[in-house]
Amino acid sequence: MEPLERLEKLLDGEQFEKIKSIDNPELHAFLAEWIEWLEPDRVFVCTDSPEDEAYVKWKALYYGEEKMLEMPNHTVHYDNYYDQARDKANTAILTPGGKPLPYLNTKDREEGLKEIRELMKGIMKGKELFVCFFVLGPRNSIFTIPAVQLTDSAYVAHSEFILYRKGYEEFKRLGRSARFFRFVHSEGELDERKTSKNLDKRRVYIDLEDETVYSVNTQYGGNTIGLKKPAFRLTIARAVNEGWLSEHMFLMRVNGPHGRKTYFTGAYPSMCGKTSTAMISWENIVGDDLTFILPVNGVARGANVEKGVFGIIQGVNPEDDPIIWEILHSPVEIIFSNVLVKDGKPYWNDMGVPIPDEGENHSGKWWKGKKDAEGNEIPPSHKNARFTVSLEHFPNADLEALESPCGVEVGGMIFGGRDADTWPPVREAFNWRHGVITMGAALESETTAATLGKEGVRAFNPMAILDFMSVHLGDYIRNYLDFEKRVKKTPKIFAVNYFLRENGKWLNHKLDKGVWLKWMELRVHGDVDAIETPIGYIPKYEDLARLFREVLNKEYTREDYEMQFKIRVPELLAKIDRIEGIYRKLDNVPEELFQILEEERRRLLEAREKYGDYISPFALEGV
Ligand SMILES: Nc1nc2c(ncn2[C@@H]2O[C@H](COP(=O)(O)OP(=O)(O)O)[C@@H](O)[C@H]2O)c(=O)[nH]1
Ligand SMILES: C=C(OP(=O)(O)O)C(=O)O
Ligand SMILES: [Mn+2]
């Protein structure tokens, strides 16, 4: 039987008409196959109408996956206590014959597909399946990638309505020409708290060949929201094949002197400051997580893949995050996840105001001092608790840039991670290749609660992308280096480190990043000088002192500057050894990478001869 005929049998009349209106046999075949396989009781097809969106939101409440909070339009969702982060161990890229790729978890494609199909057979019995259409990037633009999501979680579908542009009309417009992504998700059996129960059967499998991601027995957004991290693996592969960049980066506007607008992207691993940087209240956010960068007429142009924020809520407080704070306390549509709720109000760790010592949280009924089965004390909210909200509600969102079909010109690209002892707070690369290799490809960061497993361990994380890498690292880096040939002028590359520590204390305040941003903006336009060091250009004290006064109204002492910006030669050399060691073990790494690392090593050794292990920036000034 033809797919459309099968669909006619599977769907009720109204839903079938919605699918029939899209002229795409490949889509029809995919839907018929999976609806037959998943065996849902009901299927709802979402068009772009407000009624269909409202239906999904209502179903999230009806099925108990979300609960209403006191503030209108606010809801709370809980994930299972052991399903609070991305599950790297059970996430795999499917490759023919399970061909290994460095640092990636791969699995034989046939075997993986067989396993996931078995796990999903009839999994939606008694449930409703939502078929949703969205696009990555602005609609009808050079960035657009259409995607169809199948899920039995109204929470996942609801999250996607907040985070992505609707795509039903786009599918209709594109018809047979749509090269679309597919996401098949089932939360599986739920417990009485409506959280996924069979976590031992949790799997996220990425099939690059069919551009399809399967996700089962999990609800945590990082595993389930198809267009977010699942899609990211697919876009990285497409980008490397086609010669553009798909990155784990925020996109923001930094406001320079005399109304100058300069756009920056920034790649930091999960929980290392993307959202907090893009949300600096006096600048303007375009995106906080995923950016596509395309060469357009010789210019690197960036666009946000999404239109909303799935942000970490821990630590959001009225002083440091005035805008998010305001939004979280206003009646715009928000899903809170894994926070503490008492009398219909949400609370979270380190929110800067007193919070109740009992209520409901990700562990169920909670009281202060409650311990989990492993004997760990349970905090009020999970470290990776989140808020989901559309960017349209942010007074500091640059909505014009967000919707621009040609994106915005990228002036600077920033790399950063959790690094206690090696990199200075900010520095600029000598050039594109120096930045790509010594800042991007050499990125390391301490692990965080965004993935299951031990926290605080220094880990190799090139371009903050390792968790999502879907191609050979060597090919990925080569594509990055080659990007230089596709544009007339490359963006400037910078590296930041917000997490320097000395004797267990942070060397910087959370808002200092606002100063680094202003300095980088000036450097993109050559407005200030800088000090040349073995590892790139760093700011001069005078410029930072002025910016600290202007931006934060703070005095910045020479002592603080010296402590933060000293060149830590032993740590930097040890890092080069580690990074070189990692890449030496791989095949297919561009030879240039080793040359560039070697040059950096030589500069550091020469500087050590002259100035010793720890070099004051003042010693290098004017050299
Ligand atoms: N010490 C310190 N913590 C920070 C800084 N910026 C962000 N954080 C914390 O890092 C965590 C993750 O930040 P977020 O911006 O949400 O990371 P994302 O996952 O990359 O978007 C939050 O708990 C923040 O409070 C900073 O400059 N210093
Ligand atoms: C959704 C995630 O994104 P991030 O922490 O980068 O904001 C995640 O890592 O699971
Ligand atoms: Mn984030």
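Every number for a ligand or one of its atoms is a count from 1 in the order of the listing. Position 1 is the first residue of the sequence, and the numbers go up from there.
For ligand 1 and I312, the ligand atoms under 4.0 Å from any heavy atom of the residue are 12 (C), 16 (O), 19 (O). Taking every non-hydrogen atom of G222 and a distance limit under 4.0 Å, the qualifying atoms of ligand 2 come out as 10 (O). When each atom of ligand 1 is checked for a heavy atom of T275 under 4.0 Å away, the hits are 15 (O), 16 (O), 18 (P), 21 (O). Set against the non-hydrogen atoms of S270, the atoms of ligand 2 under 4.0 Å away are 3 (O), 4 (P), 5 (O), 6 (O), 8 (C), 9 (O). Which parts of ligand 1 touch P269 is read off a 4.0 Å heavy-atom cut-off, strictly below it: atoms 20 (O). Each of the atoms 6 (O) of ligand 2 lies under 4.0 Å from some heavy atom of K274. Near Y498, the atoms of ligand 1 lying under 4.0 angstrom from a non-hydrogen atom of the residue are 26 (C), 27 (O), 28 (N). Residue-ligand proximity, H248 to ligand 2, at heavy-atom distances under 4.0 Å covers atoms 6 (O). Atom numbering of ligand 2 starts at 1 in the shown order; those under 4.0 Å from a heavy atom of F310 are 1 (C).
Using a 4.0 angstrom heavy-atom cutoff, S270 counts as in contact with ligand 1.
In terms of protein heavy atoms, atom 25 (O) of ligand 1 is closest to K510 NZ, 3.1 Å. The shortest contact between atom 7 (C) of ligand 1 and any protein heavy atom is with S276 OG, 3.2 Å. Atom 3 (N) of ligand 1 has F499 CE2, 3.4 Å as its closest protein atom, hydrogens excluded (heavy atom only). Summary of contacts: the protein heavy atom closest to atom 1 (N) of ligand 1 is W506 CE2, 3.4 Å. Looking only at protein heavy atoms, the nearest one to atom 17 (O) of ligand 1 is G273 N, 3.0 Å. The protein heavy-atom contact nearest to atom 23 (O) of ligand 1 is Q314 O, 3.5 Å. Nearest non-hydrogen protein atom to atom 10 (O) of ligand 2 is Y220 OH, 2.7 Å.
With H362 as reference, Y81 is the one residue of Y78, Y81, W348 to meet the ring-ring contact (aromatic ring centres under 6.0 Å, His included) rule.
For the pair H74 (side chain) and S330 (backbone), a donor-acceptor distance under 3.5 Å is present. Checked by atom type and distance alone, the side chain of T448 pairs as donor or acceptor with a backbone atom of S270 at under 3.5 Å.
For ligand 2, the polar-atom distance check against K229 finds a nitrogen or oxygen pair separated by under 3.5 Å. Annotation: T277 places no N or O atom under 3.5 Å from an N or O atom of ligand 1; distance criterion only.
Taking each of R501, H248, M271 in turn, the one with a heavy atom nearest to atom 19 (O) of ligand 1 proves to be M271. Atom 7 (O) of ligand 2 has its nearest heavy-atom neighbour, among R86, M271, R386, in R386. When K274, R418, M279, K513 are ranked by how near their heavy atoms come to atom 10 (O) of ligand 1, first place goes to R418.
Contact annotation for A450 and ligand 1: no heavy atom of the residue comes within less than 4.0 Å of the ligand. The proximity of F250 to ligand 1, defined as any non-hydrogen pair under 4.0 Å, does not occur for either the backbone or the side chain.
For W516 and F548, the distance between ring centers is under 6.0 angstrom.
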